[in-house]
Amino acid sequence: MNKICEILNIKYPIIQGGMAWVADANLASAVSEAGGFGIIGTGSATADIVREEIRKCKKMTDKPFGVNVMLMSPNVESVIEVIIEEKPKAITTGAGNPAKYMEKLKKADIKVIPVVPTIALAKRMEKLGADAIIAEGTEAGGHIGELTTMVLIPQISDEVKIPVIAAGGIANGKGMAASFALGAQGVQIGTRFICSKECNIHENYKQAVLSAKDRDAIVTGRTTGHPVRTLKNKFSKEYLKMEKEGASSEELDRLGAGSLRLAVIDGDLEKGSFMAGQSASMIKEIKSCKEIIEEIVKESSNIMKEIY
């Protein structure tokens with residue numbers, strides 16, 4: 001049996017990205033119901049909001065699901081406590097080190113799967129007791145590292161004994177088959193699920209992804225040390241212009257404040273930050289999570305049969 005499916009008790013080794021403001025109980029439950037592993041994205045949400053979303057998800061599916069925790073969140077301590085109380089199957093972590101929470105999460109029988117952009121961090125997470133690793137290439141949407149998925153996955157899979165989940169630029173069966181060939185045992189997919197029927201975001205966001213061309217997912221924030229991949233629009237162009245002119249981190253923070261909410265909730269095509277990966281240009285239509293997952297699995301299986 002596939003190790004990711006075994007660890008998470010799921011049908012297909014497809015994990016949905018824990019996108020802040022995007023990945024709610026509705027999306028997570030739909031992915032889990034379709035045989036994948038749905039994830040609630042917490043971002044900087046309060047513990048009460050996280051508890052509410054977890055309980056909603058439990059009502060919508062009896063299948064396993066997880067929660068993504070941004071470790072830089074000001075609410076991280078209380079969010080971790082809620083997760084321990086509510087006991088989702090697993091958490092994925094980003095923007096920090098989960099070491100201080102690892103022991104109590106393990107005691108609660110919650111799997112810990114950190115997202116990592118480098119080999120060194122993957123090895124460190126394995127030593128801490130992570131159950132698996134999500135190795136995310138720079139093609140991904142949102143906060144990114146520098147290494148591409150193509151070079152990151154085979155190197156990490158050679159260096160760690162725990163299962164590796166590939167992320168970054170994967171939106172179809174070709175990407176899934178390639179990930180397996182590179183040494184991964186599962187994939188994490190974010191941008192493709194933005195354009196799902198069950199994703200509760202503004203229609204403008206979905207249409208921005210559907211109309212994206214191959215060079216439209218650009219990177220802002222390199223000068224701040226926290227690069228973010230987002231779709232090209234007035235906001236991202238202004239951000240890049242200010243970076244080029246030497247704007248301070250404080251000035252850039254002011255420009256970016258609330259921009260993700262403007263995209264997800266308001267659909268503001270000019271001022272919103274439409275986070276998406278380079279896979280956006282591969283996405284041509286809105287489908288249900290079930291259709292997306294079955295399509296990816298079928299295409300990947302056919303490719304693998306042809307190769308082997």
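Because only heavy atoms are used, hydrogens play no part in the values below, and waters and symmetry mates are left out as well, while side chains stay in.
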- Task: Show which residues join M242 in its hydrophobic cluster (side-chain heavy-atom contacts under 4.5 Å, direct or indirect), or state none.
- Result: F235, Y239, L252, L255

- Side chains of Y101 and V76 in contact at under 4.5 Å (non-hydrogen atoms): yes

- Task: Could you pull out the closest heavy-atom pair between I10 and G35, with the gap in Å?
- Result: CB-O, 3.9 Å

- Task: Give the intermediate values and the outcome of salt bridge (charged side-chain N to carboxylate O under 4.0 Å, His left out) for residues K206 and E285.
- Result: CA-CA 9 Å; K206 296 185 182 185; E285 57 185 319; over 6 Å; no

- Item | Min side-chain heavy-atom separation M19-L27 under 4.5 Å | yes

- Hits for salt bridge (Lys or Arg N to Asp or Glu O under 4.0 Å) against K106, two or more places apart or cross-chain, chain-then-number order -> D131

- Item | Any residue meeting salt bridge (Lys or Arg N to Asp or Glu O under 4.0 Å) with K290, in chain and number order, not counting sequence neighbours | E294

- Message: Are the side chains of I218 and L240 in contact, using a 4.5 Å heavy-atom criterion?
- Response: yes

- Keeping the roles fixed (side chain from E251, backbone from S248), state whether a donor-acceptor pair exists under 3.5 Å. yes

- Should we say atom CZ of R51 is surrounded by more than 12 heavy atoms from elsewhere, each under 6.0 Å from it? yes

- Rounded to the nearest 0.5 Å, the CD1 atom of I162 sits from the NZ atom of K123 at a distance of 12.5 Å

- Same cluster or not: are I4 and M304 linked, directly or through other Ile, Leu, Val, Met, Phe, Trp or Tyr residues, by side-chain heavy atoms under 4.5 angstrom apart? no

- Query: Can you list the steps and then say if E146 with R222 is a side chain to side chain contact (heavy atoms under 4.5 Å, CB included)?
  - Reply: CA-CA 10 Å; E146 288 297 322; R222 289 198 190 279; 2.7 Å; yes

- Item | Heavy-atom pair of closest approach, residues Q16 and A28 | OE1-CA, 3.4 Å

- Message: Any side-chain to backbone donor/acceptor pair from T230 onto F274? Under 3.5 Å, distance only.
- Response: yes

- Query: Can I91 be reached from V22 by stepping across I, L, V, M, F, W or Y side chains whose heavy atoms are under 4.5 Å apart?
  - Reply: no

- Task: Check whether any side-chain heavy atom of P98 lies under 4.5 Å from a side-chain heavy atom of M125, and answer yes or no.
- Result: yes

- Query: How many angstroms lie between CD1 in I133 and CZ in R124, if you round to the nearest 0.5 Å?
  - Reply: 12.0 Å

- Take atom CG in D109; do more than 12 heavy atoms of anything else shown fall under 6.0 Å from it? no

- Pairing of R55 and E86 as salt bridge, 4.0 angstrom limit: yes

- Item | Check: D216 side chain, K213 main-chain N or O, donor-acceptor pair, under 3.5 Å | yes

- Query: Do V116 and T118 come close enough that some side-chain heavy atom pair is under 4.5 Å?
  - Reply: no

- Transitive ILVMFWY side-chain link V67 to M60, under 4.5 Å: no

- Query: What distance do K56 atom NZ and T61 atom OG1 have between them, rounded to the nearest 0.5 Å?
  - Reply: 15.5 Å

- Taking the side chain from R229 and the backbone from A217, do they hold a donor-acceptor pair closer than 3.5 Å? yes

- Between NZ of K111 and OG1 of T92, what distance do you get to the nearest 0.5 Å? 15.0 Å

- Message: Exactly one of I189, I113, L8 should register a side chain to side chain contact (heavy atoms under 4.5 Å, CB included) with I15. Which one does?
- Response: L8

- Hey, does the side chain of Y12 reach the backbone of I296 with a donor-acceptor pair shorter than 3.5 angstrom? no

- Are any of the side-chain nitrogens in K58 or E53 under 4.0 Å away from the carboxylate oxygens of its partner? no

- Message: Could you tell me if E139 and T149 have a donor-acceptor pair between their side chains, going purely by distance under 3.5 Å?
- Response: yes

- Message: Taking CE in M150 as the centre, count heavy atoms belonging to other residues, nucleotides or ligands within less than 6.0 Å. Is the count above 12?
- Response: no

- Could you pull out the closest heavy-atom pair between W21 and V264, with the gap in Å? O-CG1, 3.1 Å

- Item | Test item: K100 side-chain N/O and N97 main-chain N/O as donor-acceptor pair under 3.5 Å | no

- Query: Between atom OG of S32 and atom CZ of F65, what is the distance when rounded to the nearest 0.5 Å?
  - Reply: 7.5 Å

- Salt bridge E243-K241, side-chain N to carboxylate O under 4.0 Å: no

- Item | K234 with E238: basic N within carboxylate O range, under 4.0 Å | no

- Task: List the atom of D268, the atom of K271, and the distance in Å for their closest heavy-atom pair.
- Result: OD1-N, 3.0 Å

Can you list, pair by pair, the side-chain donor-acceptor contacts under 3.5 Å of residues 194-202, counting residues two or more places apart and other chains?
from, atom 1, to, atom 2, distance (Å)
S196, OG, F193, O, 2.7
S196, OG, C199, N, 3.4
E198, OE1, C289, N, 3.0
N200, ND2, D24, OD2, 3.2
H202, ND1, N204, N, 3.0
H202, NE2, D266, O, 3.4

- Message: On a heavy-atom basis, which atom in I144 and which in T138 lie closest, and how many Å separate them?
- Response: CD1-OG1, 3.4 Å

- Check: E291 main-chain N/O paired with S288 side-chain donor or acceptor under 3.5 Å: yes

- Query: Strictly by modelled atom types, are Q207 and E203 linked by a side-chain donor-acceptor pair under 3.5 Å?
  - Reply: yes

- Note on the structure: Tightest non-hydrogen contact, residues K89 and I7, listed as CE-O, 3.4 Å

- Task: Assess whether side chain to side chain contact (heavy atoms under 4.5 Å, CB included) is satisfied between Q155 and V151, documenting all intermediate values.
- Result: CA-CA 7 Å; Q155 292 184 82; V151 299; 3.9 Å; yes

- Message: Let's go through V297 and I14 carefully: what are the C-alpha distance in whole Å and the side-chain angles of both, what is the deciding distance for side chain to side chain contact (heavy atoms under 4.5 Å, CB included) to 0.1 Å, and is it a yes or a no?
- Response: CA-CA 9 Å; V297 170; I14 295 175; 3.8 Å; yes

- Message: Would the distance check show the side chain of T191 and the main-chain N or O of G277 forming a donor-acceptor pair, the cut-off being under 3.5 Å?
- Response: yes

Which side-chain N or O atoms in residues 169-187 pair as donor and acceptor under 3.5 Å with protein atoms at least two apart or in another chain?
from, atom 1, to, atom 2, distance (Å)
N172, OD1, K174, N, 3.2
N172, OD1, G175, N, 3.0
K174, NZ, E299, OE2, 3.0
S179, OG, G175, O, 2.7

- Item | I165 CD1 to I156 CD1 distance, which is reported to the nearest 0.5 Å | 11.5 Å

- Message: Under a 3.5 Å distance rule, please check whether S259 uses its side chain to pair with a backbone N or O of G256 as donor and acceptor.
- Response: yes

- Message: Test of understanding: clusters of I, L, V, M, F, W, Y form through side-chain heavy atoms closer than 4.5 Å, transitively. Do V164 and V112 belong to the same one?
- Response: yes

- Item | Backbone N/O of I84 and side chain of K87: donor-acceptor pair under 3.5 Å | yes

Which donor-acceptor pairs under 3.5 Å do side chains of residues 37-50 form with protein atoms, sequence neighbours excluded?
from, atom 1, to, atom 2, distance (Å)
T42, OG1, N68, O, 2.7
T46, OG1, I49, N, 3.4

- Message: When you group the ILVMFWY residues by side-chain heavy-atom contacts below 4.5 Å and let the links chain together, are L105 and I54 in the same group?
- Response: yes

- Item | S236 side chain to N233 side chain, donor-acceptor N/O pair below 3.5 angstrom | yes

